[in-house]
Amino acid sequence: MRVLGIESSCDETGLALFDTERGLVADALHSQVDLHATYGGVVPELASRDHSRRLLPLLESVLAEAGWQLDDLDGVAYTAGPGLMGALLVGATFGRSLAFSLGIPALAVHHMEGHLLAPLLEPDPPAFPFVALLVSGGHTLLVDVEGLGRYTLLGESIDDAAGEAFDKTAKLLGLPYPGGPHLAALAQRADPERAACYRFPRPMLDRPGLDFSFSGLKTAVLTATRRAEAEGTLDGEERAAIAAAFEEAVVDTLVRKAERALVQQGRDRLVIAGGVSANQRLREALDARLSPRGARAYLARPALCTDNGAMIAYAGACRLESGQRTGLEIGARPRWPLAELEPATHE
């Protein structure tokens with residue numbers, strides 16, 4: 001089955017072509033970072049308009065890369081939520097209309113399921129079952145995954161997600177948009193001894209359960225930053241030290257909660273996906289923590305950690321092959337709990 005995947009949930013327009021026999025055959029992505037940088041964050045109306053401009057050129061690009069024609073498509077998958085309502089509707093309208101015009105099935109895909117399945121695009125994918133740690137934008141979730149669509153929520157953030165904490169902390173430190181990658185880069189330049197002077201809290205690690213909370217950590221960074229400003233010590237090196245200490249607190253929290261989930265569920269495979277999973281410090285910490293106990297972390301390549309069309313094409317292909325279809329209606333769900341997804345008829 002040859003499937004077109006369309007991702008337009010926020011500030012990246014991604015299209016990809018996936019063949020169930022050959023794998024990923026074409027992938028194209030346009031980032032709106034430069035468009036929103038002036039405003040220090042995503043402007044929903046501008047995001048929607050830019051998706052409208054980019055979809056057709058990107059479709060032509062992936063078809064040319066694969067050497068396919070529109071008539072070669074067997075299905076269209078598009079992100080229907082969660083995300084920005086206007087941005088979702090642009091991709092959903094385009095994808096559903098294209099499928100209708102070609103007389104082929106369409107499927108509305110859950111954005112977070114796309115992220116969850118992205119590591120399965122790699123040469124050595126994990127087998128079901130596994131525990132998934134999803135850290136993407138406004139979402140931080142721990143999920144037990146028994147099969148496609150068979151998800152049990154184990155824990156989630158009760159306030160700021162990890163990605164939001166990265167971006168907000170980067171803004172406190174005066175870093176440009178998007179903040180997360182800039183903060184990680186700054187942390188790499190820190191003097192370890194200077195960073196060790198800061199010991200930020202690891203929220204909710206001292207109590208049972210698998211929920212997360214990062215708002216208190218963000219407040220602790222704000223307090224430390226203001227103190228350094230008042231003392232006149234907030235130079236470039238001090239900002240790097242604060243960034244490194246913050247990153248270490250987030251990474252330590254995510255890794256230890258994920259390990260706790262593996263023990264609780266009796267699993268030895270951990271999938272970690274979403275934009276924060278591209279963080280190099282997190283990848284190193286996961287390997288160091290899980291390897292000694294015989295567990296393994298599965299991650300997508302960095303290009304497939306952030307929003308992309310490949311993960312939507314793959315998730316759509318899996319469900320289309322199982323016989324699932326979306327009707328003629330064009331809909332989007334800005335809020336869409338992952339646990340509401342139906343299991344596939346077969347995996």
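Predicted, not measured: the structure shown is a model, and the values here were computed from it. The figures here come from the full heavy-atom set of this structure, side chains too, leaving out hydrogens, waters and symmetry mates.
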Interatomic spacing from [atom1] in [X] to [atom2] in [Y] - rounded to 0.5 Å:
| X | Y | atom1 | atom2 | answer |
| --- | --- | --- | --- | --- |
| L254 | E259 | CG | CD | 13.0 Å |
| E247 | Q280 | CD | CD | 10.0 Å |
| T169 | I242 | OG1 | CD1 | 10.5 Å |
| Q32 | R53 | CD | CZ | 8.0 Å |
| R296 | D287 | CZ | CG | 10.0 Å |
| L234 | L173 | CG | CG | 7.5 Å |

Can you tell me if [X] uses its side chain to pair, donor with acceptor, with the backbone of [Y] under 3.5 Å?
| X | Y | value |
| --- | --- | --- |
| R283 | S277 | yes |
| T13 | L55 | no |
| T20 | M1 | yes |
| E146 | P129 | no |
| T140 | A162 | yes |
| D211 | S157 | no |
| Q265 | L262 | no |
| R325 | L107 | no |
| R22 | R2 | no |
| R269 | A295 | no |

Side chain to side chain donor-acceptor pair (under 3.5 Å) between E113 and Y151: does it pass, once the steps are laid out? CA-CA 10 Å; E113 181 171 66; Y151 309 136; 2.5 Å; yes
Search all heavy atoms of [X] against all heavy atoms of [Y] and return the closest pair with its distance.
| X | Y | value |
| --- | --- | --- |
| H51 | S8 | NE2-O, 3.5 Å |
| I312 | I6 | CG2-O, 3.6 Å |
| V33 | P178 | CG1-CD, 3.6 Å |
| L4 | A313 | C-CB, 4.4 Å |
| L29 | N308 | CD1-CA, 4.2 Å |
| A87 | C10 | CB-O, 4.0 Å |

So which pairs with a foot in residues 213-228 pass salt bridge (charged side-chain N to carboxylate O under 4.0 Å, His left out), sequence neighbours left out? D160-K218
Walk me through it: do R199 and R202 pass the test side-chain contact (heavy atoms from CB on, under 4.5 Å)? CA-CA 9 Å; R199 174 68 182 179; R202 274 65 168 161; 3.1 Å; yes
Single-linkage hydrophobic cluster [X]~[Y], side-chain heavy atoms < 4.5 angstrom:
| X | Y | result |
| --- | --- | --- |
| L205 | V251 | no |
| L210 | L286 | yes |
| L141 | L120 | yes |
| L304 | V25 | no |
| F212 | L134 | no |

side-chain contact (heavy atoms from CB on, under 4.5 Å) assessment of V131 paired with L142: CA-CA 7 Å; V131 168; L142 273 167; 4.0 Å; yes
Name all residues meeting the side-chain hydrogen bond (donor to acceptor under 3.5 Å, both in side chains) criterion together with E248; count only those two or more places apart in sequence or in a different chain, and write none if there are none. R281
Taking atom types as modelled, is there a side-chain donor on Q264 or D144 under 3.5 Å from an acceptor on the other?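 The criterion, which ignores hydrogens and geometry beyond distance, is not satisfied for D144 and Q264.
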State plainly whether the residues [X] and [Y] are in salt-bridge range, i.e. N to O under 4.0 Å.
| X | Y | result |
| --- | --- | --- |
| D124 | R301 | no |
| R54 | D50 | yes |
| E340 | R333 | yes |

Beyond-backbone contact of [X] with [Y], side-chain heavy atoms, under 4.5 angstrom:
| X | Y | value |
| --- | --- | --- |
| Y298 | E122 | no |
| V255 | L282 | yes |
| P119 | I272 | no |
| R335 | P82 | no |
| H139 | V135 | no |
| V3 | V76 | no |
| L84 | S9 | no |
| F130 | L270 | no |

Geometric class of the F166/F246 ring pair [parallel <30°, tilted 30-60°, perpendicular >60°]: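 Perpendicular, since the angle between the ring planes exceeds 60°.
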Aromatic ring pairing H115/H111, orientation class (parallel under 30°, perpendicular over 60°, tilted between): perpendicular
Taking only residues at least two apart or on different chains, which pairs with a member in residues 57-79 satisfy side-chain hydrogen bond (donor to acceptor under 3.5 Å, both in side chains)?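 For residues 57-79: E7-T79.
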Within the supplied structure, the quantity of interest is the number of heavy atoms (other residues, nucleotides, ligands) at a distance under 6.0 Å from [X] [atom1]; does it exceed 12?
| X | atom1 | answer |
| --- | --- | --- |
| R49 | CZ | no |
| K168 | NZ | yes |
| E342 | CD | no |

Please step through side-chain contact (heavy atoms from CB on, under 4.5 Å) for the pair L341 and R319, ending with a clear verdict. CA-CA 11 Å; L341 290 180; R319 287 190 172 270; 3.9 Å; yes
Quick one, D268 with L290, criterion side-chain contact (heavy atoms from CB on, under 4.5 Å). Give me CA distance, side-chain angles, the key distance, then yes/no. CA-CA 9 Å; D268 59 7; L290 298 184; over 6 Å; no
Please determine whether salt bridge (charged side-chain N to carboxylate O under 4.0 Å, His left out) holds for the pair R289 and D252, giving the CA-CA distance in whole Å, both sets of side-chain angles, and the decisive distance to 0.1 Å. CA-CA 10 Å; R289 188 88 179 188; D252 191 30; 5.1 Å; no
One pair to check against side chain to side chain donor-acceptor pair (under 3.5 Å): D159 and S215. What are the steps and the verdict? CA-CA 6 Å; D159 43 53; S215 63; 3.1 Å; yes
